[in-house]
Amino acid sequence: MKIVLNTEYASQNGKNEIHLGELVPCFENHTRIDKIIETLQQNDWSHLEKPNDFGLAPILEIHESSYVNFLKTIWQEWLAEGNTNDILPYIWPIPGLKRNIAHNNLNAKIGSFAFSNGTPIMAGTWLSAYTGAQSALTAMSQVIAGEKSAFSLSRPPGHHAHAGFYGGYCFLNNIAIAAQFALKNGANKVAILDIDYHHGNGTQDIFYQRKDVLTLSLHGDPSTNFPYFTGKIDEIGEHDGEGYNKNYPLPDGTDFHLWHNTLEQACGEITNFGADYLLIALGVDTFEGDPISNFKLTTDDYLQVSKTINAIGLPTVFILEGGYSVGPIGKNVFNVLSEFMV
Ligand code: SP5
Ligand code: ZN
């Protein structure tokens with residue numbers, strides 16, 4: 001399998017997020033990728049490819065140009081006003097207030113492009129986000145060119161990002177950008193299977209009215225888990241997309257037996273759909289030791305996950321999402337990829 005790394009992954013280096021009422025060091029930090037690289041090397045897998053640069057066009061297929069422009073320029077605007085700390089939003093134009101992306105006040109503008117507060121922006125955010133998206137595109141292009149599988153080892157993650165706003169540690173929706181790229185380059189249908197602990201709200205929203213992209217997500221029940229306001233079972237898509245989105249919310253404390261039975265149901269949907277390619281939003285925050293999640297998967301369980309995904313038999317692109325237990329993250333990711341590591 002080909003593995004593509006955005007070497008600028010550490011340029012996103014947020015200091016703090018709010019957790020249980022206090023500022024704590026960001027869970028989503030560069031040590032996650034450092035550890036995955038280290039584990040790959042220990043397992044004699046040290047050939048990591050650099051992303052090609054596909055430019056802004058494939059990003060603009062998914063994201064609004066005003067939003068992309070915001071991500072590119074907000075740090076300079078922030079600096080120009082004399083600020084030095086990371087940018088964190090603190091007011092949002094929820095219904096009843098008026099969204100205004102052209103607002104002159106930066107706090108008002110920032111809140112208009114964000115949906116949650118735990119996602120700092122700093123000098124290197126755009127570089128990491130841009131190269132992360134290019135990494136996903138490169139992995140996708142390799143599979144389009146005939147590779148059986150590829151892995152985008154990239155950071156920051158993407159599945160929470162919507163067409164026009166960021167949150168949940170995500171800025172650009174890498175997997176949506178890669179899926180759209182596949183459709184533009186010959187595919188008729190693609191399936192996205194999101195196995196991160198959290199609902200892939202951005203990906204769901206982006207393809208909600210489309211039937212050429214089947215979106216499936218297994219996640220912690222939004223009644224008790226981020227992102228709270230999406231991810232329920234009755235969100236099935238709309239218009240042409242009705243029936244092409246499926247959510248599998250699972251209760252707190254879910255163990256591998258229930259999780260894997262659910263995975264097999266989702267795999268059945270993918271087989272029936274008849275996709276040309278499968279894209280996996282690969283989060284390992286389902287791990288039993290994850291500090292912000294509460295499923296009970298073990299490192300060995302991820303070996304079976306690899307077998308079950310491989311049994312679908314489709315050319316497959318894996319794109320890294322979450323997973324915050326840094327010590328075992330490398331082995332957990334390696335095990336999900338194990339059947340594809342040829
Ligand atoms: C890509 C990804 O995995 N994003 C996850 C974003 C989750 N952010 C919210 C974290 C909230 C931390 N505090 C929650 C306490 C849970 N008991
Ligand atoms: Zn997650």
Side-chain angles (χ1 to χ4, degrees), residues 9 12 14-33 36 88-89 92 114-121 125 128-129 132-133 135-136 152-162 165-177 192-206 216-231 247-254 259 279-297 302 305 318-326 328-329 332-333 336:
Y9 67 87
Q12 170 68 17
K15 284 194 181 60
N16 293 308
E17 65 175 280
I18 293 181
H19 179 62
L20 305 175
E22 63 177 351
L23 281 175
V24 301
C26 289
F27 290 102
E28 202 293 292
N29 61 64
H30 71 84
T31 64
R32 303 172 57 239
I33 309 296
I36 297 170
L88 289 171
W92 294 266
F115 78 91
S116 73
N117 77 348
T119 311
I121 292 178
T125 297
S128 282
S135 176
S152 176
L153 173 51
S154 45
R155 181 178 168 267
H159 72 149
H160 294 303
H162 286 237
F165 45 93
Y166 70 97
Y169 317 151
C170 303
F171 301 97
L172 296 176
N173 196 311
N174 305 313
I175 203 161
I177 292 166
I192 297 179
L193 172 61
D194 191 323
I195 60 170
D196 184 277
Y197 177 83
H198 303 95
H199 177 232
N201 56 294
T203 317
Q204 167 174 302
D205 188 59
I206 287 164
L216 308 168
S217 180
L218 276 65
H219 46 263
D221 191 325
S223 313
T224 45
N225 291 282
F226 184 93
Y228 303 104
F229 304 115
T230 65
N247 286 323
Y248 301 89
L250 293 163
D252 289 2
T254 288
W259 192 89
L279 290 82
I280 305 285
L282 172 53
V284 289
D285 34 12
T286 49
F287 178 60
E288 59 182 355
D290 196 88
I292 62 169
S293 312
N294 61 45
F295 286 176
K296 301 283 179 242
L297 276 64
Y302 292 112
V305 175
F318 294 87
I319 298 177
L320 189 67
E321 300 286 355
Y324 307 100
S325 181
V326 174
I329 192 176
N332 291 342
V333 168
V336 176

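Remember, it's a predicted structure, so these values are computed and weren't measured experimentally. Both ligands and their constituent atoms are indexed starting at 1 by order of listing. All residue numbers refer to positions in the sequence shown, counting from 1.
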Tell me every residue that passes side-chain contact (heavy atoms from CB on, under 4.5 Å) with [X], counting only those two or more places apart in sequence or in another chain.
X	answer
Ser325	Phe287, Pro291, Pro328
Phe165	Phe115, His162
Leu88	Pro120

> When the ring planes of Phe27 and His19 are compared, do they come out parallel, tilted or perpendicular, using 30° and 60° as the limits?
Replying inline: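 Aromatic pair Phe27/His19 classed perpendicular.
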> Nearest 0.5 Å, what's the OH-OG distance between Tyr248 and Ser217?
Replying inline: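 Going from OH on Tyr248 over to OG on Ser217, the span is 10.0 Å.
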> Atom CD in Glu28, atom CD in Glu17: separation rounded to 0.5 Å?
Replying inline: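 The distance works out to 9.0 Å.
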> Hey, which N, O or S atom on His198 ends up closest to the Zn ion (ligand 2)?
Replying inline: ND1
> Taking the Zn ion (ligand 2) as the vertex, how big is the angle to OD2 in Asp285 and OD2 in Asp196, rounded to 10°?
Replying inline: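 Roughly 80°, rounded to 10°.
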> Is the gap between the ring centers of Tyr324 and Tyr169 under 6.0 Å?
Replying inline: yes
Measure and list all N/O to N/O distances between ligand 1 and the protein that fall under 3.5 angstrom.
residue: ligand 1; atom: 3 (O); partner: His198; partner atom: ND1; Å: 3.2
residue: ligand 1; atom: 3 (O); partner: Asp285; partner atom: OD2; Å: 3.1
residue: ligand 1; atom: 3 (O); partner: Tyr324; partner atom: OH; Å: 2.6
residue: ligand 1; atom: 4 (N); partner: His160; partner atom: NE2; Å: 3.2
residue: ligand 1; atom: 4 (N); partner: Gly168; partner atom: O; Å: 3.0
residue: ligand 1; atom: 4 (N); partner: Tyr324; partner atom: OH; Å: 3.4
residue: ligand 1; atom: 13 (N); partner: His19; partner atom: ND1; Å: 2.7

